[in-house]
Structure formats: C-alpha cells, structure tokens
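What follows is a set of notes on a single structure, which appears directly below.
Below, all heavy atoms of this structure are taken into account, side chains as well, without hydrogens, waters or symmetry copies. Along the sequence shown, residues are numbered consecutively beginning with 1.
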Amino acid sequence: MSLPEILIVDDDVNFGGLLEEFLGKQGFHVSAVSGGEDAVEQLSKRKFDIALLDLMMPGMDGYEVMDFIKDQELETNVIVMTGHASTQSAVTSLRKGVYDFLDKPFDLETLSSVIKGAIGKKRSRDKKKKAKEELVKAYNDMEAEIRDQTAELMRKHNQLDLEIENRNRIEAAFRDSESKYKSLTDNLNVGVYRNTAGAEGRFIEANPAIVEMFGYDSRDEFIRLNVSDLYEDPSQRLKFSEGLAKRGFAKNIELHLKRKDGTRFIGAVSAVAVKDAHDEVKYYDGIIEDITERKLADETLIRNEHWYRTLTQIGLSLSAEKDTKKLLERIVIEARTLTNADAGTLYLLDKDNQDLTFEIVQNDSMQIKIGGTSGVDAELPNVPLFINGEPNHANVSSAVALTGETINVKDLYGSEGERFPGPREYDAISGYHTKSMLVMPLKNHENEIIGVLQLLNAKHRKSGEPISFSEEYVDLVAALASQAAVALTNAQLIENLNNLFYAFIRSIATAIDEKSPYTGGHINRVVKLSMMLADKINEDKTGAFRDTQFTKEELEELRMAAWMHDVGKVTTPENIVNKASKLETIFDRVNLVETRFALIASEIVNAHLETKLKLLQKDQVDLRKLKAADKALSEDLKILLHDLEFIKACNSADHPMTEERLSHLRDIGKKEYTFQNIKHPYLTEDEIKNLSIRYGNLTDEERKVVENHATMTLKILTQLSFPMKLEKVPAFAGGHHEKLDGSGYPLGLAEKELPLQTRILAIVDIFEALTARDRPYREPMKLSEVIKIIRFMKENHKIDPDLFDLLVGSGAYFEYAMKEMDPKQIDMPKPK
C-alpha cells in the first residue's frame, strides 16, 4: 500500500516546515506550500489524501482552495487549521465539506489522530465506491451476456428454418430430374452409365456417347463387357470401386482407360453410389469424359504458368530485397533453382579496373558457399577483361562481359569448349568437372553491362547426372537476368541514396551540436545510448519487454529520430544555448554590475573626502568627527562589497533563490546612487528579473525560447518527405521532451499517447544532459546523483518506469558512463 499523500498549505513557512517534518516521521508522504495558488497547482498535478489548510493567507485564501477541491470533485479530505477560529469560520468550513476544524495552536498528536481518522474514512469511502463500481460492472456484464445468448438463439432458429426450406427444394428438384434422366442421357455428348458393384462390375445402362467413346459398334456389345475390361490397369477398377462405396460419391477422378482397339486415353469420371433400404450398394451411376487432349493442353499451360509465376515471384522477391549482398545471393539461388544447376557464380563489373569481381560462388558438389550471407568473403582473383591490351576471350565470363552476348556451352570438353581454356584450367586446379555452362550478361536500364551470371552443370531432375542447359532454360534465365539487373541497379541506387541521406543528416546534427561549445557531441551520445537501450529491449527475455522486439526497420527509425531530435535548435539563439549565468546575454553583465559598484564606491569615497575636507577647513578640527567619518566610510564600503558579492552569488545557478535571498536582492535593487546629479538604482529591473530566477539560469521567456526547439523539430521534420519505413521519425523526435503525466512539451502528450521510441528518447536525452561534463551552468554531476534524479522522475511519473528499470538493471547506464563520463564523475561500483 502506498504512503498517504498529505498537502500542507500555510503561509507560515516555519509552521509548515514543522508539520512537514513531524508528519514525515509519522510515515506520511508530505508536500508543503505557502499559498493558495501553489496549493491549487499541486492539487491539479497530483492526488492528495489530506489537505491541511490554513484559512487566512495572502492571495487565494483557504475558502477558495476548498471551493476548488469541491468544484474539481477531488477526493481530498480537508482539515482546517487556523489561529483565527470563529463560529462563522467553522460553520462555513464544514458547509464546504471539510473533515475537521483545528484551532492553532494544537497538539501534534491530536493532529496525527485526526489525520489517521480522515485517511481511514477516505479508504472506507474508496472501498464502498469500488464495491459499487464492481457491482454495476457485474450487472452490465450479465445483461450483455443475456443479450448475446438471446441473439444467438434467434440466429440458430433462423438458420434451421432456412436449412429445412433448402432441403425441401432439393428433394423436389431431384424428383423432377429423375423423370428427365432417360431422355437427357441419350442426347448428352459425354458418357453416362450405370453398373453393378463388385470387383469387376457389369453395365446395366450406357448412353450412345460412352459406346462411341470406347470404340464399340453397339450398346449391346458394350454392356456385355466387364467394367474392369475398360481399365488400362484392371486393379485400378477395384481401388476406384472401393473408394466410391466408402465415400458414396466421386468427382472428376482421372482414370487411365483403353478403347476396343487398345489405344489409351484419360477419362474424368464422376459417380455416385446408389444404396438400397438396407444401406447396401445396388449400383453406381456415373458420367465420363475423354479429357486426353485437354489434359495435355492443361499440362502445357500449367508448366508455362508455373514458369510465369516463378519468374513473377522471383521478380517480386528481388525487387523487395534492399540488402545488396542478400540480393546478389538470391539471384544465384533463384537461377540455379530454375535450371537445377549444380553451381553458380555472379560477377560484378569494375569499370575502373576493367575486370570482373567475384561476388557470389556456390557449388553443391564441392560444398562451396562464398559471399552473400555465408560469412565467407570472396577473395578469389578478379577476371581481367583485357590481357596485355587484348580482349580476354579465354574465360567465358569475360567474353560475355565484352560482347554482351549469352553463351550456352553444351559440352565444355567437346569441340565448342576448346575456345574457352579458362574453365578447363579451373577444373584441373579444383578437381571439378564442368559439363555444361550457361553464362549471360546482366544489363541495367541503359543497356550497360553491370555484371555476369554463370551457371554450371544443369542436372537431370531424376538421375542427377550433368546435362546441357536447354533452350527453354536459356529463355528463363534471360528473363531472370533482366529482372536481376534491374533489381541490382535499384538496390545500388537506393543504397547510395541512403548513404547520402544519412551522411547529410549526420552533418546537420554535427552542425547543431557545434553551435555551442557546451553541447558538442550531445546528439551523437543520444544516438549511442538510444540504440544501446533498444538493444537491451531486444535482449530482454523475461522482463517488462519480453514481448517487445524491434525490427531492423524500427531500429533504423529510432536511430534517425535520435539523430534529428534537436534539429529545432537551429532556430535557438546561441546566447541562450550558451547562457552560463543569470546575467549573461552576449556577455556576462555581472561585469557591468561590478563596474557600476566600483563607480558607486568612488562616489562614496568622494563624498567622504568632501566631508573630511569641510571638517579640516574649520578653525578647530574635531578629531572625533574625523574618526567617525572614517568609520562610516569603512562601513559603507563593507556593505557595498557585501552586496556585490551577494549579487555575484545570485548570478550563479548553483543555489536556488529562497524568499530570504529574493528579499535581500530586492532591498539592494531599491538602493540608489547619484552620478552627475542624477539618481540611478543599484540594479536595473531586467537585472533584478534575471537574478531572481529561482532555479537554473533562464528566465521564463528564455526557457520558452529553449523549449520552442521541440516545436521547431516537429515543424521542420513534418515538412520532410520521409519514406514509409521512417514515417514516424517526426513524431518520435518531436516528442523527446514529453512526460508521462502530460506535463511535457511541445504538445503536452500523456502516457497513452507516447510510443515506446519517444519514451526512449525522453529518458536518454535527460540522462545524457545530466551526465554531460560540459554544461556551463553547473558542475559535472556524479553518477549517483544522476540516478537519484532520474529515479525521482520515475516515481513522479515523468519518465517510463520500465525503461528506467531496464537502463539500471541491465547495466546500460554504467556501460555508457565508462565510455562517455569523466572518471571523476563515476562514484558507483560496477553492477554485478
């Protein structure tokens, strides 16, 4: 159970601090504010169980805070504590729904008891509310279940009526068709028959078409046959009959049959088993069609369609593959599969060196796989296109690259292979025996040769023996080579464009980093840590991210968002980015203040000298007054120096500006000095405004300018046409300052609206900023301090708690610290 949350609202800071300390020791989670406006702000952000509320406060008083709690329907019990108690104030407070009313001063134990009672009452109220909600939900679920069951019963009822109607219609149609059966069968151009059951079977009925189909002279001659006499293999009759008896019907069963003259043909048979009252098969009724010619045509069509589909699928797969190495490997695999080739090689043309480079080498017989995804680099010597200035036609691959013509060698060791000694020499060295070769060029869209595809030893589909490549294979591989060349050209173009794009992005990020000497390397470090954390998510098998796995494309999208997350800083003025102190603009204006105070000191000294001169000009010098004047000068200069040192301390962001420090600063600002008969303030209004910054060194206006970089990042990136795989980069990058509780910027998105990638960038950006050793407004932080701050943000629902746990639990924070932080900052041991 979480600690009860208590909010103390009292303009007496000391009293509020006393209560905060006491209640903290009592086991409560306490927050204290000094005014009604601050109380409303806290109540808007967090849920509090108890509000200890003073009535009389400057600005918004306690009654107005009560009204806010009531209007917002906050589940916060109010306990009034006032030193100005009256019957009227008590009645008014109770009418506004307060839990209790305490007069100051009161006993702290009494306060503790009242608070515990209020918490107990609130928890009891919460339990009742929850029970009521559960009861309402159960009732609604039951009502929904009844509606669903009623609807299902109605559906089944309607379905049953429809089935009965269909069955009646079918039975009527069957009776009508039976009467027409006889007249129809005699006029059909397909064979119709009825025969008895049994191992051989006898015909009972046969139409003229079936008699003609089997080549018999008359119906009488045909029906004297045993059915099995018509089968090419009589045993097939028994198998068909048994299957028909078991299933009750057969549809378009292809059977190998024979005619009277012994010629064979293929018949498509559909039949039904007719049974008697005892469920015994009486006979079979069926139809038969001669499909021999159609079957041959279908086989040709199927084979052509198969090649077409295969080439289409290959083309699609090649065009979809963007990894050049995988694409080259796939080209060889698909070509070998099409032709059933034992080996294949793919070369790419090197125009500069005028040779062919080995990219992919595959040989099943020799169990060789080189290049592609094999992990083995192709380190074979290149094939030169020219030797001693003469074209190299000794190698088939170089000959094809030079001529642009396909070469199909039927037998390398026959007469046609004599003009290619290169492959024979390779066989002598490797021990391989090349029978046939199919080598063709890869040409791009401009008809330029970019590579060569070489296939060796087509294998017989059944025996596996090496055979030559048929002309059919030549056409298929030519089509494949054309597709492959286009896909390869596209892949190379895309790869070159991607390289250019990423180089451009990195150059922009570097330029943004280098805008300030204090943020150099920030983006690069955010990229490194983001990808490190993404890798930890992919490695998580048992934790909160066990069901999360980033794809290669998603990782690339995250990397791009990390590179671009601060692109909006291109619009942020450098003097704000580099602001190291509160008074700094283009330069640190504390120097002006120092000069001004030197002037003030000189004016004080001049005034003192004038006073002393007047005393000395008198007839009788009063030594006591001279001594007093010197003492006054010393005191005035001491106060002036103290004020200057205080202003210089306020100029630093190392310490927050408390009310006491702010009051002292305002007092100094009210002081005046006279120069050239004109009075001037010690500090200008703008100087006081900047020195009064409570935390950090930026004014509200400057902070908005800095925060505007996130808006500009989103605005700039949404105008870029990112490809589909990177379409979420603007949203990821633009949201890196959003918080889970909706308090971030620029859009104020809440938890459900923030994707995981945005949450990664948010926590990484914070971690990098806190661990950076080069921020102008603070000393480098210790690692333990950084973890403490980020843990506090986790507990306050600012950052993703699971990502924080992974960052710390996986040790990623320490890996990053060792690489990027100053060793002096690392004050934590290496995690086990």
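Side chains of Glu329 and Thr373: a donor on one and an acceptor on the other come within 3.5 Å. Under the 3.5 Å distance criterion, with hydrogens and angles disregarded, a donor-acceptor pair is assigned to the side chains of Arg46 and Ser31.
From His736, atom NE2 reaches atom CG of Leu714 across 11.0 Å, with rounding to the nearest 0.5 Å. Between the CD1 atom of Ile523 and the CH2 atom of Trp563 there is a distance of 8.0 Å, given to the nearest 0.5 Å.
A donor-acceptor distance shorter than 3.5 angstrom exists from the side chain of Glu557 to the backbone of Lys728, with no hydrogens or angles considered. Although no hydrogens or angles enter the test, the distance criterion places a donor-acceptor pair under 3.5 Å between the side chain of Asn796 and the main chain of Phe792. Between the side chain of Glu753 and the backbone N or O of Ala750, at least one donor-acceptor pair lies under 3.5 Å.
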task = Output, in order, the C-alpha distance, side-chain angles, deciding distance and verdict of salt bridge (charged side-chain N to carboxylate O under 4.0 Å, His left out) for Glu41 and Lys45.
result = CA-CA 7 Å; Glu41 182 181 355; Lys45 292 180 179 179; 3.2 Å; yes
Pair Lys830-Met818, side-chain contact (heavy atoms from CB on, under 4.5 Å): steps then yes or no = CA-CA 10 Å; Lys830 181 178 180 180; Met818 293 298 292; over 6 Å; no
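In this structure, Phe767 and Leu533 have side chains that are not in contact, with every pair of non-hydrogen atoms separated by 4.5 Å or more. Here the side chains of Tyr813 and Val786 are not in contact, with every heavy-atom distance at 4.5 Å or above. The shortest side-chain heavy-atom distance between Val65 and Met60 falls under the 4.5 Å cut-off. Asp566 places a side-chain heavy atom less than 4.5 Å from the side chain of His522.
Electrostatic pairing of Lys25 and Glu21 counts as a salt bridge here, judged by a charged N lying under 4.0 Å from a carboxylate O. With respect to Glu556 and Arg559, a salt bridge is recorded, a charged nitrogen being found less than 4.0 Å from a carboxylate O. The pair Glu815-Lys819 does not meet the salt-bridge criterion, since no charged nitrogen lies less than 4.0 angstrom from a carboxylate oxygen. Using a cutoff of 4.0 Å between basic side-chain nitrogens and carboxylate oxygens, Lys794 and Asp805 are scored as salt-bridged.
The minimum heavy-atom distance linking Pro730 with Thr718 is given by the pair CB-CG2, 3.9 Å. Closest heavy-atom contact between Asp540 and Phe545: OD2-N, 3.0 Å.
Residue-environment remark: CE (Met828) exceeds the threshold of 12 foreign heavy atoms within 6.0 Å.
Here the options are Val30, Ile6, Val80, Val78, the test is side-chain contact (heavy atoms from CB on, under 4.5 Å), and the partner is Leu52; only Ile6 passes. None of Leu3, Ile115, Ile50 except one satisfies the side-chain contact (heavy atoms from CB on, under 4.5 Å) rule with Phe28; the exception is Ile115. Applying the side chain to side chain donor-acceptor pair (under 3.5 Å) test between Glu5 and each of His29, Lys47, Gln42 identifies His29 as the sole match.
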